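Written below as structure tokens is the structure these notes are about.
Lettering follows sequence order; numbering is per chain, from 1. The structure displayed is predicted, hence computed values, not measured ones.
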Amino acid sequence: EAGVAQSPRYKIIEKRQSVAFWCNPISGHATLYWYQQILGQGPKLLIQFQNNGVVDDSQLPKDRFSAERLKGVDSTLKIQPAKLEDSAVYLCASIPRGGAGANVLTFGAGSRLTVL
Amino acid sequence: GEDVEQSLFLSVREGDSSVINCTYTDSSSTYLYWYKQEPGAGLQLLTYIFSNMDMKQDQRLTVLLNKKDKHLSLRIADTQTGDSAIYFCAESIPNSGYALNFGKGTSLLVTP
């Protein structure tokens, strides 16, 4: 089974520029999450999708962050305009629809963003 | 919201046991998890425990859960240098479809 794919792995931008991250979850996984992990901290949930619908985006800074999962498979997370404090690793995770492992998030390797 | 609390650093000698402690926040959490993160890598699930259990053993790993005190611990027996990593405690957020609330992580250093 292929894992959660994320790209790009690394991105360096200047503040006020925009950036987009892409995630392809494990095939058949209905629920997808985006987490932000700032250096030295634990991951913080940004947004959760169930199929193509948003379940929880209460911690997403909506003035600059947006995310979509149009066909219920791939997802993109966009930041526009970026701030210095957005420097972090953006982790994507997914879980299956049901059955064994339905309570276990599988994480991708992450996309590391540096904002200068 | 409240924070899941973990000690930041732990250093042990190779072959000794390591114990990493965590205090979680929500007594309604259905599952409690331990994830491992190596440098430059994503999060790898180590183990999890259902909230109605008080202990789970999986090879070198033993998880203890004290629901009354909302305390979770991870014991690694015969710790090896390859166990050096950051260990995250996480609680499932009730009614959230298994979204997780993570601690800040404990950095484990295993010395020869």
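The parts of A:Asn103 that come within reach of chain B are both its backbone and its side chain, each placing non-hydrogen atoms under 4.5 angstrom from that chain. Proximity to chain B (any heavy atom under 4.5 Å) is restricted, for A:Gln37, to the side chain, taken from C-beta onward. For B:Ile86, no part lies near chain A; criterion is any non-hydrogen pair under 4.5 Å. Contact annotation for B:Gln6: neither backbone nor side-chain heavy atoms come within less than 4.5 Å of a heavy atom of chain A. Looking at A:Leu45, the atoms closer than 4.5 Å to chain B (heavy atoms on both sides) all sit in the side chain, from C-beta outward.
Using a 4.5 Å heavy-atom cutoff, the side chains of A:Leu91 and B:Leu43 are in contact. Residues B:Phe88 and A:Pro43 meet the side-chain proximity criterion, which asks for heavy atoms closer than 4.5 Å. Within the 4.5 Å cutoff, the side chain of A:Leu105 has no heavy atoms near those of the B:Tyr33 side chain.
B:Val63 and B:Leu46 fall within the same hydrophobic cluster, defined by Ile, Leu, Val, Met, Phe, Trp and Tyr side-chain heavy atoms under 4.5 Å apart, directly or through other members. Linking Ile, Leu, Val, Met, Phe, Trp and Tyr whenever their side-chain heavy atoms come within less than 4.5 Å puts A:Tyr90 and A:Leu32 in one cluster. A:Leu60 and A:Tyr35 fall into different hydrophobic clusters, where Ile, Leu, Val, Met, Phe, Trp and Tyr side chains are chained together by heavy-atom contacts under 4.5 Å. A:Ile38 and A:Val89 fall into different hydrophobic clusters, defined by Ile, Leu, Val, Met, Phe, Trp and Tyr side-chain heavy atoms under 4.5 Å apart, directly or through other members.
If you run side-chain contact (heavy atoms from CB on, under 4.5 Å) between B:Tyr98 and each of A:Ile95, A:Thr31, A:Val104, only A:Ile95 comes through.
If you tally non-hydrogen atom pairs under 4.5 Å between each of B:Gly40, B:Ala99, B:Gly105 and chain A, the highest count goes to B:Ala99.
We find the CZ-CD distance between A:Phe107 and B:Gln44 to be 12.0 Å, quoted to the nearest 0.5 Å. Atom CD of A:Gln48 sits about 8.0 Å away from atom CD1 of B:Ile93, to the nearest 0.5 Å.
Around the CG atom of A:Leu39, the shell of radius 6.0 Å holds no more than 12 heavy atoms that belong to other residues, nucleotides or ligands. Atom CG of B:Asn95 has 12 or fewer heavy atoms from other residues, nucleotides or ligands within 6.0 Å. The environment of A:Lys62 atom NZ is dense: over 12 non-hydrogen atoms of other residues, nucleotides or ligands sit within 6.0 angstrom. Residue A:Glu14 qualifies as open at atom CD: its count of foreign heavy atoms under 6.0 Å is 12 or below.
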